[in-house]
Protein chains: 2
Amino acid sequence: MNQDIIDDYQSEAEIFKSLAHPTRLFIVHAIHDKKLSVKELTEMIGVDISTVSKHLDILKRHKIIVGEKHKNNVFYTLNIPCVLDFMSCANRILNKS
Amino acid sequence: MNQDIIDDYQSEAEIFKSLAHPTRLFIVHAIHDKKLSVKELTEMIGVDISTVSKHLDILKRHKIIVGEKHKNNVFYTLNIPCVLDFMSCANRILNKS
DNA sequence: ATGCTATTTGGTAGAATAGCCAAATAGCTT
DNA sequence: AAGCTATTTGGCTATTCTACCAAATAGCAT
C-alpha cells in the first residue's frame with residue numbers, strides 16, 4: 001500500500017467510517033432536532049447501553065456530535081449539519097436504481 | 001439490536017462503508033475529472049491489482065462509480081458528484097479543530 | 001457517607017475487512 | 001487457435017469491528 005495515499009486520505013476515511021454503521025446513522029438522525037441522552041437513545045435503539053455509549057464515543061471523537069453534561073446525564077447534539085445533506089445524497093443514490 | 005433501525009439505515013450505512021477506506025477515497029478523487037482504467041489506478045495506488053479491482057467492485061456495487069469497457073480495459077467514472085461535496089464537508093470537520 | 005441513576009471502560013467471542021498470491025476469465029490481435 | 005494484456009475471482013491470513021456482560025466511574029440526592 002502506497003503510504004502517501006494512506007496519509008492523504010486516512011483521516012477523511014475515518015469520518016466516513018465513523019458514520020458507516022446503522023446505529024450511528026440512526027443517532028445522527030435522532031439528535032438532529034432534539035438533544036438526547038445516552039439512556040434515551042439506548043431505549044430507542046434497543047441494544048446494550050454500553051454499546052450505545054461506544055457508538056457515541058466514536059461519533060464524538062470524530063466531532064460529528066457534541067455532548068454536554070447536565071446533572072448526571074450527557075445530552076448529545078449534531079455538530080455537522082452537512083452530514084445530513086450527504087445522507088440525502090446517499091438516498092438519491094439508493095433510489096435512482 | 002433493534003431490527004427496524006437496522007432495516008432503515010443499513011443500506012445508507014453501506015454507502016458510507018463503501019467510502020470508508022483511503023484507497024477508495026483516492027479512487028473517487030482520481031476519477032473525478034478523468035476516466036481511468038484498473039491498471040492505471042493500480043499504478044497510481046501501488047497495491048496489487050486484485051486489491052484495486054476489489055475496491056472498484058465495492059464502489060461499483062454501491063453505484064458510486066460506473067465502469068465502461070473499451071477493448072479489454074474498463075474505465076471508471078464517478079457517478080455521484082455529491083460525494084465530493086461531502087468530502088469537502090468532512091475536511092471542514094477535520095480542519096476546524 | 002450511602003444509595004441511586006447514568007455513563008464509561010475492560011474483556012472477550014464472532015463476524016467482517018483488506019491485503020497478497022495464484023488461478024480463472026475476457027477480449028483483443030496475430 | 002495461440003499469445004498477450006487487462007480484469008476478476010477464490011483462498012488464505014491478519015487485523016479490525018461490534019455486541020454482550022461485568023465492573024468501574026461520575027455525580028446527584030437522601
Side-chain angles (χ1 to χ4, degrees), chain A residues 1-7 9-28 30-31 35-62 64-77, chain B residues 1-6 9-11 13-28 30-31 35-62 64-77:
Chain A
M1 165 60 74
N2 184 321
Q3 196 57 43
D4 293 339
I5 291 180
I6 286 195
D7 291 350
Y9 291 98
Q10 184 66 52
S11 51
E12 209 165 315
E14 295 290 336
I15 303 275
F16 282 95
K17 212 184 318 183
S18 71
L19 291 163
H21 192 285
T23 299
R24 295 197 287 273
L25 289 179
F26 171 82
I27 291 170
V28 166
I31 66 176
K35 297 179 182 188
L36 292 168
S37 69
V38 184
K39 185 173 193 292
E40 288 170 320
L41 285 164
T42 299
E43 284 158 0
M44 297 165 91
I45 295 167
V47 290
D48 195 273
I49 193 167
S50 69
T51 303
V52 174
S53 177
K54 282 171 185 172
H55 281 307
L56 289 165
D57 183 54
I58 290 168
L59 292 169
K60 192 172 23 175
R61 281 205 314 273
H62 293 94
I64 312 288
I65 66 175
V66 169
E68 53 177 306
K69 196 151 198 168
H70 288 141
K71 300 201 172 187
N72 55 350
N73 299 272
V74 181
F75 291 96
Y76 284 96
T77 336
Chain B
M1 165 60 75
N2 184 320
Q3 196 56 44
D4 293 339
I5 290 180
I6 285 196
Y9 290 98
Q10 184 66 53
S11 53
E14 295 290 338
I15 303 273
F16 282 94
K17 213 185 315 183
S18 71
L19 291 162
H21 192 284
T23 299
R24 294 197 287 272
L25 289 179
F26 171 82
I27 290 170
V28 165
I31 67 177
K35 299 178 180 187
L36 292 168
S37 69
V38 184
K39 185 173 193 291
E40 288 170 320
L41 285 165
T42 300
E43 284 159 1
M44 298 164 90
I45 294 167
V47 290
D48 195 273
I49 192 167
S50 69
T51 302
V52 174
S53 177
K54 282 170 184 174
H55 281 307
L56 289 165
D57 183 55
I58 290 169
L59 292 169
K60 192 173 23 177
R61 281 204 314 272
H62 293 93
I64 311 287
I65 66 176
V66 169
E68 53 178 307
K69 196 151 199 169
H70 287 142
K71 301 200 172 188
N72 55 351
N73 299 272
V74 181
F75 291 96
Y76 284 96
T77 336

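Residue numbers begin at 1 in each chain, while the letters A, B, ... track the order of the sequences. Since the structure is predicted, the reported quantities are computational estimates derived from the model, not experimental observations.
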K17(B) NZ to dT18(D) C1', straight-line distance once rounded to whole Å
11 Å
Would you call the rings of H55(B) and H21(B) parallel, tilted or perpendicular, taking 30° and 60° as the class edges?
tilted
Whole angstroms only, please: what is the CG-C1' distance between D48(B) and dT13(D)?
15 Å
Value in whole Å for how far the P atom of dT5(C) lies from CD of E43(A):
13 Å
Between dC21(C), dC20(D), dA19(D), which nucleotide has the shortest distance from any of its atoms to the side chain of S50(B)?
dC21(C)
Give the rounded distance in Å between these two atoms: CD1 of I27(A) and P of dT18(D).
12 Å
Selection from dT7(D), dT9(C), dT9(D) that lies nearest to any side-chain heavy atom of S53(A):
dT9(C)
Would you mind reporting whether I27(A) and Y76(A) have side-chain heavy atoms less than 4.5 Å apart?
no
Determine the contact category for F75(A): base if any of its heavy atoms lies under 4.0 Å from a base atom, sugar-phosphate if only primed atoms, P, OP1 or OP2 are that close, otherwise nothing.
nothing
Rounded to whole angstrom units, what separation is found between the CG atom of D57(A) and the P atom of dT18(D)?
12 Å
Which one, dT7(D), dA6(C), dG19(C), comes nearest to the side chain of T23(B)?
dG19(C)
Would you say H70(B) reaches dC28(C)'s phosphate, i.e. side-chain N/O to OP1/OP2 under 4.0 Å?
no
Between I49(B) (CD1) and dA24(C) (C1'), how many Å, whole number?
14 Å
Are any of T51(B)'s side-chain N or O atoms less than 4.0 Å away from OP1 or OP2 of dC20(C)?
yes
Spacing of K60(A) atom NZ relative to dT7(C) atom P, expressed in whole Å:
10 Å
Picking from dT7(D), dG19(C), dC17(D), the nucleotide nearest the side-chain atoms of V38(B) would be dT7(D)
Is there a donor N/O on one and an acceptor N/O on the other, under 3.5 Å, for the side chain of N72(A) and the base of dT7(C)?
no
Quick one: on DNA chain D, does K54(B) or K39(B) contact a more 5' nucleotide (nearest heavy atom)?
K39(B)
To the nearest 0.5 angstrom, please state how far the NZ atom of K60(A) sits from the CD1 atom of I58(A).
11.0 Å
Please check the phosphate of dG19(C) (OP1 and OP2 only) for any side-chain N or O of H55(B) closer than 4.0 Å.
yes
State whether H21(A) places a side-chain N or O below 4.0 Å from either non-bridging phosphate oxygen (OP1 or OP2) of dA19(D).
yes
Quick check against the 3.5 Å criterion: does H62(A) have a side-chain atom that pairs as donor or acceptor with the backbone of I64(A)?
no
Let me know, please, whether K71(A) or K69(B) comes out on the 5' side of the other along DNA chain D by nearest nucleotide.
K69(B)
Measure CG/L59(B) against C1'/dT17(C) and give the value in whole Å, please.
14 Å
Report the residues that fulfil side chain to side chain contact (heavy atoms under 4.5 Å, CB included) with S50(A), sequence neighbours left out, ordered by chain and then residue number.
D48(A)
